[in-house]
Participant: 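I have a structure I would like to understand better, so I am pasting it below and will then ask my questions one at a time.
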2 protein chains.
Amino acid sequence: MPRPPATRDVFLAIAEPRRRDILSLLGRVGESGVGAIAVTLDMAQPAASKHLGVLREAGVVRVRRDGRQRLYSLQADRLRAVHEWTRTFERYWSSQTDRIKARAEQAAGPGPHAPETTP
Amino acid sequence: MPRPPATRDVFLAIAEPRRRDILSLLGRVGESGVGAIAVTLDMAQPAASKHLGVLREAGVVRVRRDGRQRLYSLQADRLRAVHEWTRTFERYWSSQTDRIKARAEQAAGPGPHAPETTP
DNA sequence: TTGACATATTCCAATATCAGAATATATTGT
DNA sequence: ACAATATATTCTGATATTGGAATATGTCAA
């Protein structure tokens, strides 16, 4: 069978480096039009527009109309979901001693902080 | 021009739901062979093997040989990178008042906690 | 060595994805 | 209405990705 119709979720949205650049830029400037984004990140206008489309579909950015401009800004809740998901692995990177402790924990069965299934 | 040769980084690795499932499973059980993973997550053995290959190339899992088994376990440092990157947007999801405060901050120029460019 | 088991690799078909060029759709100002 | 500006959409070509089937590789045990 072919590939499943890649539903457009946050993880997919941030998998593209240019899109992460866009998000970082929006984090810095707060709000920006498509043209400014394209110029700042040195990309073609259609490329910027399309990436913003993906980000919007994923619910990571918001659009606001201002005259003939479309001002994009962050909508970070979904990014928070990613943050939370990665956080479930926290005990695996803390420190050497923590890693040993974690191994002991999981040897005694899934603890209260065991990573959960995919969102 | 075509697409750039998608270098296999963490963001790309975790963009696939099944791979996130694998990571979560490894987080729960600590270490597991390919067959067990395939059975538990109800996927074909080659599929599991291939996904694990991607995760390994991305440096998110480790392999250890044990007889005829290959035991995979987490190597969470790269996941931590994702955690840190999403963390740079923290001030955008904290609360309504924080969001207003953030807007005021960025109006006065990029603050000390401004999100950085892509890793 | 032979056989059974565990995992990896190769090949294939169906999509998905990206950049770039050209074009279409607003929206504002004259 | 017309021109200029800002953004979105459509089309195309190259490549990447995924699952599935078949096969290869590696390892233990008798």
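In the text below, chain A, chain B and the rest are named by the order of the sequence lines, each starting its count at 1.
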Participant: For the pair made of CZ in B/Phe11 and P in D/dT17, what is the distance, rounded to whole Å?
Facilitator: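 So the CZ-P distance, B/Phe11 to D/dT17, works out to 17 Å.
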
Participant: Apply side-chain contact (heavy atoms from CB on, under 4.5 Å) to B/Ser49 and list each qualifying residue two or more places apart in sequence or on a separate chain.
Facilitator: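 Only B/Val34, B/Gln45 meet the side-chain contact (heavy atoms from CB on, under 4.5 Å) criterion with B/Ser49.
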
Participant: When every nucleotide of nucleotides 3-11 of chain C is labelled 5' to 3' by its protein contacts under 4.0 Å (heavy atoms), B for base, S for sugar-phosphate only, - for none, what sequence of letters results?
Facilitator: -BBSBBBB-

Participant: Calculate the interatomic distance between B/Arg65 atom CZ and D/dG26 atom C1'; express it in whole Å.
Facilitator: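 The answer, rounded to whole Å, is 7 Å.
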
Participant: Compare side-chain N and O positions of A/His51 against OP1 and OP2 of C/dT17 and report whether any pair is under 4.0 Å apart.
Facilitator: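 So the side chain of A/His51 is outside the cut-off, no N or O lying under 4.0 Å from OP1 or OP2 of C/dT17.
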
Participant: Quickly work out the B/Leu55 CG to D/dT17 P distance and round it to whole Å.
Facilitator: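 B/Leu55 atom CG is separated from D/dT17 atom P by 13 Å.
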
Participant: Let me know the distance between CE of B/Met43 and P of D/dG20, rounded to the nearest Å.
Facilitator: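 From B/Met43 CE to D/dG20 P: 9 Å.
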
Participant: Which pairs, with at least one residue in residues 39-56 of chain B and sequence neighbours excluded, count as a salt bridge (charged side-chain N to carboxylate O under 4.0 Å, His left out)?
Facilitator: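 Output for this query is empty, none listed.
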
Participant: Applying side-chain hydrogen bond (donor to acceptor under 3.5 Å, both in side chains), can you list everything that pairs with B/Glu90, at least two apart in sequence or on another chain?
Facilitator: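 Checked B/Glu90 against side-chain hydrogen bond (donor to acceptor under 3.5 Å, both in side chains); matches are B/Arg87.
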
Participant: Could I get the full list of side-chain hydrogen bond (donor to acceptor under 3.5 Å, both in side chains) partners for A/Arg19, not counting sequence neighbours?
Facilitator: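 Only A/His51 meet the side-chain hydrogen bond (donor to acceptor under 3.5 Å, both in side chains) criterion with A/Arg19.
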
Participant: With B/Arg64, which residues qualify under side-chain hydrogen bond (donor to acceptor under 3.5 Å, both in side chains), at least two apart?
Facilitator: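 Testing B/Arg64 for side-chain hydrogen bond (donor to acceptor under 3.5 Å, both in side chains), a comparison that skips the adjacent residues, returns B/Glu31.
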
Participant: Figure out the CZ/C1' separation between A/Arg8 and C/dT15, and round it to whole Å.
Facilitator: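 Value for this atom pair: 13 Å.
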
Participant: Measure up the A/Phe89 and A/Tyr92 rings against each other and bin them: parallel (under 30°), tilted (30 to 60°), perpendicular (over 60°).
Facilitator: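 Tilted: the ring planes of A/Phe89 and A/Tyr92 meet at 30° to 60°.
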
Participant: What is the distance, to the nearest angstrom, from the CZ atom on A/Arg19 to the C1' atom on C/dA19?
Facilitator: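 So the two atoms are 13 Å apart, to the nearest Å.
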
Participant: Grab the CZ-C1' distance between A/Arg64 and C/dT27 for me, whole Å please.
Facilitator: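 Going from A/Arg64 (CZ) to C/dT27 (C1'), I get 16 Å.
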
Participant: Could you check how far CG of A/Asp9 sits from P of C/dT17, rounded to whole Å?
Facilitator: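 Interatomic distance, CG of A/Asp9 to P of C/dT17: 11 Å.
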
